[in-house]
Number of protein chains: 2
Amino acid sequence: MRSTISMVDRTVKNSYPVRMARPRSFDEKQVLNAVRDQFWDAGYAATSLEDLMRVSGLGKGSLYAAFGDKRQLFLRALRSYTDDSHGHLRKALAEAPRALDALRMLLEAPVDDPTGAGTRRGCLLANSTCELGNADPEVLAHAHRTYETSTALIADCVARAQGEGDLAGADPIALARALLAAQQGILFMGRTGLDTATLTATARSLAAQLLPDHSGD
Amino acid sequence: MRSTISMVDRTVKNSYPVRMARPRSFDEKQVLNAVRDQFWDAGYAATSLEDLMRVSGLGKGSLYAAFGDKRQLFLRALRSYTDDSHGHLRKALAEAPRALDALRMLLEAPVDDPTGAGTRRGCLLANSTCELGNADPEVLAHAHRTYETSTALIADCVARAQGEGDLAGADPIALARALLAAQQGILFMGRTGLDTATLTATARSLAAQLLPDHSGD
DNA sequence: GGAGTTCTTGACCGTGCGGTCCACCATAAG
DNA sequence: CTTATGGTGGACCGCACGGTCAAGAACTCC
């Protein structure tokens, strides 16, 4: 039963009110990035609302009005992160002139940071899966979906490499899974404080064994 | 400057008082195991003292008197866990008649659990490193030390395999690092909800590429 | 049994948490 | 200008957290 409605139906996302009022004083994407970095550094549980207010520069009221509670804000930041990551992955896999090199870069990418600072942070999605995967089915499902997509992207690149004469005889999806697992393993070893040189050597060693180059044969 | 001391010096760990009084009503190892499982399932921050009291059956006072605060109790449980793990690793690597098979088992071990329940929990040390590595230097240092020890144990097994005619030409330590990274990667993929069959296939695929068997050549 | 010591229990405490609310502000439309 | 509307910031709330403490129970030694 509906009564006469004088208000705009705001249940539809991004619908604008009939009359504009005070506009937002912040950029949503900037806030999400700041919040993402905070969760990335400290984890979900160890990040307090005060932390989020500090890094975003917003008050509690604004944060809650714009994003809902802490968990929803976290999920928004996490989705934003994985979207960006997949964008980068797509670009990296597509841009390399030789697909085999792109796949190699996959394994060495986690160590790219010369300072090692980024290496210590790991991957936000991986960290979140570890911390919340058991307790939050939504985070787990998101992780599962995301890694399946990554696998598909990598498998496409493997297929391209095969079109270029490399990796003959491999099952693209199986190899993609092995590469993704290896990448996550390298990423993790970086978090344990392994020095950059050793990490790089390990990444190259894995790349050499999983992605043999027979062009010189 | 010391005054006359009538009390026993309890700063030395495990020193017993001169006069026995009321004995403990709990077994320390059992409590540590219960506490470890709780931290394992929920993570450090998400585990409350109430949880710890519930799973251990002890009151707050007893817990604090026996182990100190929450963090120290966690560190005790973590050390106990890694000690046990290294015990199992030593045994597994030594018992296999063929060293190459032992190394293969390393990669498949994370998927051994038929129910998949254990697979979802991952490894307590890995979880803890992800959650606390950035914030707690002691946890990070412990993780680093532990994985270095694991690397050494695996490298020994690689050397044994070479003595048995396998893995000719590989650098034991480098291969050990690659194997450990791959294992952690598989372990992590299991946490993302990947089904057991796919996980097993990935583990076998990695094992086949990192640990080739040329005995039939 | 009494004395001395340790362990246990649970009430208690201060703090910081996540979350709500409301008075005020900035803007757009009339 | 006035008015309506949504944004903002901070006061405020109840709660659960980690941690403390004191009193009593359980035990050994004399």
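Remember, predicted model here, so these are calculated numbers, not experimental data. Letters go in sequence order (proteins before strands), and every chain restarts at 1.
- At whole-Å resolution of the value, OH in B:Tyr64 and P in C:dC13 are 18 Å apart.
- A search for salt bridge (charged side-chain N to carboxylate O under 4.0 Å, His left out) contacts involving A:Lys29 returns A:Asp84, not counting sequence neighbours.
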- Query: Once Watson-Crick and G-U wobble pairs under 3.5 Å are found, how is DNA chain D written in dot-bracket notation, 5' to 3', with | for any base paired to another strand?
  - Reply: ||||||||||||||||||||||||||||||
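- Put simply, CG on A:Leu63 is 10 Å from P on D:dT8, counting in whole angstrom units.
- Checked against salt bridge (charged side-chain N to carboxylate O under 4.0 Å, His left out), A:Arg191 has no partners two or more places apart in sequence or in another chain.
- Because its NZ or CZ atom is not both nearer than 6.0 Å to the ring centre of A:Tyr64 and within 45° of the ring axis, A:Lys70 does not count as a cation-pi partner of that residue.
- Applying the salt bridge (charged side-chain N to carboxylate O under 4.0 Å, His left out) criterion to A:Arg71, with sequence neighbours excluded, gives A:Asp136, A:Glu138.
- When rounded to the nearest whole Å, the span between CZ of B:Arg71 and C1' of D:dG19 equals 16 Å.
- Atom CG of A:Leu73 and atom P of C:dG19 are 11 Å apart (whole Å).
- Counted by atom type alone, B:Asp195 and B:Thr198 present one or more donor-acceptor pairs between their side chains at under 3.5 Å.
- In this structure, A:Arg145 has no salt bridge (charged side-chain N to carboxylate O under 4.0 Å, His left out) partners at least two apart in sequence or on a different chain.
- Between A:Phe67 atom CZ and C:dG19 atom P the separation is 15 Å, expressed in whole Å.
- Side-chain atoms of B:Glu131 come within 3.5 Å of backbone N or O of B:Ala45 as a donor-acceptor pair.
- In the model, B:Ser48 has a side-chain atom that pairs as donor or acceptor with a side-chain atom of B:Asp51 under 3.5 Å.
- Residues from residues 48-62 of chain B placing a heavy atom under 4.0 Å of any atom in DNA chain C, listed by number, are B:Gly59, B:Gly61, B:Ser62.
- Taking atom CZ of residue A:Phe74 and atom P of nucleotide C:dG19, one finds them 14 Å apart after rounding to whole Å.
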